[in-house]
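Please read the structure below before turning to the comments.
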Amino acid sequence: MLELKLGWQSLRNNKQLYLPFTLATSLLIGVFYIFQAIINNDSLAKIPTASAINSIMQVALVFTSLIIVVFMFYINNIVAKQRNKELGLYSMLGMTKANLFFLVLGVDVCLFGFSLVLGLLIGLSFIKFVLLAFVKLLDLKLVHLTVFSGQALLLTVAFFLAIFMVLLLVDLAKLSQVRPVELWNATKKGERLPKNSWFTKLLGLAGVATLIGGYYLSVITKPNASVITTFFLAIILVVIGTYALFTSASIFFLNLLKQNKNYYYKRNHFITVSGMLYRMKQNGVGLASICLLCTASIVALVATSSLMAGKDNQIKQSAPLDVSITSKKITPATYKKAQELAVKYKVTLINKKSQRISHLALANIEAGQLKISQDASTANYEVLTLPLADYNRVEGTNYHLKNNELLVYATDKKVKLKQLQIKGKNYRVRMLSEYKYRLGDVATLTGLYLIAPDAKSAQSLLDLPLNETYNFDLRGSNQAKKNYSQAASQQLRGRNAENLVTTKAEITEVMNQFYGGMLFVGLMLSVTMLLTTGMIIYYKQVSEGYADRACFKTMQQVGLSLAETKQAINSQVLMVFMFPIVVAAIHLCFALPALASVLKLFSMYDLKLLLIVAVTMLAILIVIYLLIYSLTTRVYRRIVNAD
């Protein structure tokens with residue numbers, strides 16, 4: 001009974017320590033339940049992109065789970081360290097380790113139990129609003145998602161119960177291995193002064209070199225099939241370099257400031273540099289984590305927001321007309337059936353376009369020579385060929401070509417060709433600035449459309465057969481066009497599916513769902529990472545405050561005024577916590593080239609749009625970060641009695 005009373009008193013007396021822990025844990029439980037509820041929602045299986053969205057959500061859930069586990073262990077360690085002073089006092093007053101075990105058990109059960117209940121209530125309360133946003137982002141008009149999921153509830157309880165049990169065992173194991181005096185002095189024990197050794201310098205230089213290597217890989221990344229692998233390698237190098245930068249390079253930098261007597265022996269600089277130097281080993285890891293969480297959240301938002309913002313442009317490129325039919329030979333029956341469906345669904349076929357175009361081939365251009373490639377990871381172009389007569393007809397132009405000439409259109413405007421050698425023959429190239437109705441649009445790499453003088457030469461360029469295409473727009477009500485598109489997808493394929501039928505309505509639906517799902521995941525991950533970042537900053541301020549309180553009290557006793565104390569605190573905290581957001585902004589700048597290459601894979605690269613999204617999201621992140629910094633600094637000042 002005594003242990004329960006003391007545990008309850010500890011919870012009440014340390015609200016600024018336990019309350020944020022409970023709220024943060026509860027929010028993470030709510031986020032985890034929402035992810036599980038969406039993944040385990042049977043209604044999602046009815047949509048075309050169900051498999052892709054489920055895969056994205058699974059990856060996001062794994063990433064979120066890792067963040068939650070690392071965060072809870074990190075924060076629990078800080079909470080336990082601050083609690084140890086009370087435990088040391090109780091131990092010196094006669095309580096046995098068994099009594100302390102029950103006290104810790106009671107406190108942890110209360111914290112974890114309340115967090116779990118509150119987290120599930122948050123998840124169950126907000127799941128409806130989140131699902132409404134999910135349905136809106138994915139444009140799921142006819143899908144009704146289930147709000148409550150028993151399976152998601154059980155998985156959430158099991159996951160966090162496992163974490164709570166491990167944390168409890170860790171707390172009890174640590175308690176059994178220390179003496180009462182060590183518990184009492186635990187909060188006063190700071191980091192040893194890191195030596196400016198050759199190892200520290202070497203590690204710092206290696207970290208900076210690794211960071212530069214990651215930046216270099218990001219900048220040189222090309223939009224081919226290996227871009228994802230290269231990007232992830234760059235991320236790994238940047239993560240390693242960031243931790244080395246904040247732990248070793250920062251110590252080296254602080255020692256340089258200390259050696260500068262004109263800078264170091266000033267009141268504010270002395271307090272700031274010496275305080276940071278003594279705890280930089282511990283601070284370095286925490287600050288690097290804050291920096292990487294900020295970087296990850298902003299990169300996720302920029303990438304997913306850019307995809308969503310560029311969706312309409314990709315739809316236009318992939319489906320310039322409402323309906324597209326491709327076949328080796330389009331029969332009169334197909335034309336007749338298309339017209340019969342138009343009468344049935346009360347629409348008119350307009351803007352009809354027919355052209356022949358080849359299958360797609362992967363290729364590279366080396367020293368002015370076009371070389372076919374069988375390896376998608378090394379190819380730079382997706383090449384299609386078509387006759388000049390077909391291009392003139394669909395585009396309304398009147399070009400003429402000689403036998404040794406080609407018209408070439410590239411989806412990447414940077415591609416400029418004057419000569420091109422194909423199968424040993426040299427062609428003079430005239431680049432086209434526009435190809436409005438480029439049917440058979442490319443999927444990932446830079447598209448290269450080779451327009452030859454006639455059908456025979458178009459086919460022989462790459463030894464690929466020409467397909468016939470029939471494409472048209474629809475005039476009528478939106479519902480009538482939708483009904484026609486649905487019927488056309490089924491009835492115009494032919495008996496043996498000899499026709500490939502794609503409609504703008506289908507492509508729009510798929511892209512809305514896919515990119516809407518990506519944006520939803522990006523938002524959820526960013527919220528999780530920002531929440532985690534805020535709590536890490538808060539608890540760093542709390543732990544630093546308790547460690548600094550005695551030092552500032554001593555300095556105030558020997559003449560440091562309250563105003564000077566506040567100034568010193570602001571200087572130290574500003575230097576510590578502005579460093580991560582500055583480095584995160586630098587990381588984002590070097591990540592943009594790799595992001596651009598990834599977006600090119602989706603045919604959605606727009607430099608202006610990417611920069612606008614990046615600047616906007618970075619500004620939002622900085623505002624949120626400064627708000628967190630301002631609020632947590634007040635907590636630090638209260639702890640060290642500077643307010």
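The shown structure was predicted, so the numbers you read here are calculated from the model rather than taken from an experiment. Quick note: residue numbers are just sequence positions, from 1.
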Full working for side-chain contact (heavy atoms from CB on, under 4.5 Å) between I622 and I581: CA-CA 7 Å; I622 291 174; I581 194 65; 4.1 Å; yes

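- Within a 6.0 Å radius of CG in N403, other residues, nucleotides and ligands contribute 12 heavy atoms or fewer.
- When all heavy atoms of A410 and M431 are compared, the closest pair comes out as CB-CE, 4.2 Å.
- Note that the CG atom of L211 and the OG1 atom of T242 stand 5.0 Å from one another [nearest 0.5 Å].
- A salt bridge does not link R356 with E468: none of the charged nitrogens is closer than 4.0 Å to a carboxylate oxygen.
- Salt-bridge check for E395 with K436: failed, with every basic side-chain N at 4.0 Å or more from each acidic carboxylate O.
- Side-chain atoms of M529 and I67, non-hydrogen and from C-beta on, do get closer than 4.5 Å to each other.
- Of the inter-residue distances, the one linking L384 atom CG with L461 atom CG reads 12.0 Å to the nearest 0.5 angstrom.
- Salt bridge status for D463 with K423: present, with a side-chain N to carboxylate O gap under 4.0 Å.
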Stepwise side-chain contact (heavy atoms from CB on, under 4.5 Å) test for I451 and D390: CA-CA 9 Å; I451 302 166; D390 294 66; over 6 Å; no

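- The environment of F63 atom CZ is sparse: at most 12 non-hydrogen atoms of other residues, nucleotides or ligands sit within 6.0 angstrom.
- Here the side chains of K328 and P465 are not in contact, with every heavy-atom distance at 4.5 Å or above.
- Heavy-atom minimum distance, E366 versus K371: OE1-NZ, 3.3 Å.
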Audit row: L155, N40, side-chain contact (heavy atoms from CB on, under 4.5 Å) steps and yes/no: CA-CA 10 Å; L155 289 171; N40 292 284; 4.0 Å; yes

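- The heavy-atom pair separating A152 from T156 by the smallest distance is O-OG1, 2.7 Å.
- For Y409 and Y391, the ring centers sit 6.0 Å or farther from each other.
- If you check the side chains of T503 and S485, you find no donor sitting under 3.5 Å from an acceptor.
- Side-chain polar atoms of D322 and Y484 form no donor-acceptor pair below 3.5 angstrom.
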Stepwise side chain to side chain donor-acceptor pair (under 3.5 Å) check, N467 with T326: CA-CA 7 Å; N467 291 320; T326 304; over 6 Å; no

T304 vs L523, side-chain contact (heavy atoms from CB on, under 4.5 Å): CA-CA, chis, key distance, verdict: CA-CA 8 Å; T304 54; L523 289 171; over 6 Å; no

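- Between the side chain of Q491 and the backbone N or O of L341, no donor-acceptor pair lies under 3.5 Å.
- The distance from atom CD1 of I34 to atom CD1 of I127, rounded to the nearest 0.5 Å, is 5.0 Å.
- Shown here is F126, whose CZ atom has no more than 12 heavy atoms of other residues, nucleotides or ligands within 6.0 Å.
- A452 approaches L406 most closely through the heavy-atom pair CA-CD2, 3.9 Å.
- In this structure, N499 and T334 have side chains that are in contact, with non-hydrogen atoms separated by less than 4.5 Å.
- For F472 and Y470, the ring centers are positioned less than 6.0 Å apart.
- The OG atom of S358 sits 6.5 Å away from atom CG of L466, with the distance rounded to the nearest 0.5 Å.
- Side-chain contact between S306 and V302: present, with at least one pair of heavy atoms (C-beta onward) separated by less than 4.5 Å.
- With a 6.0 Å radius and a threshold of 12 heavy atoms from other residues, nucleotides or ligands, R475 has its CZ atom at or below the threshold.
- Side chains of I330 and S327 form a contact here, defined as non-hydrogen atoms less than 4.5 Å apart.
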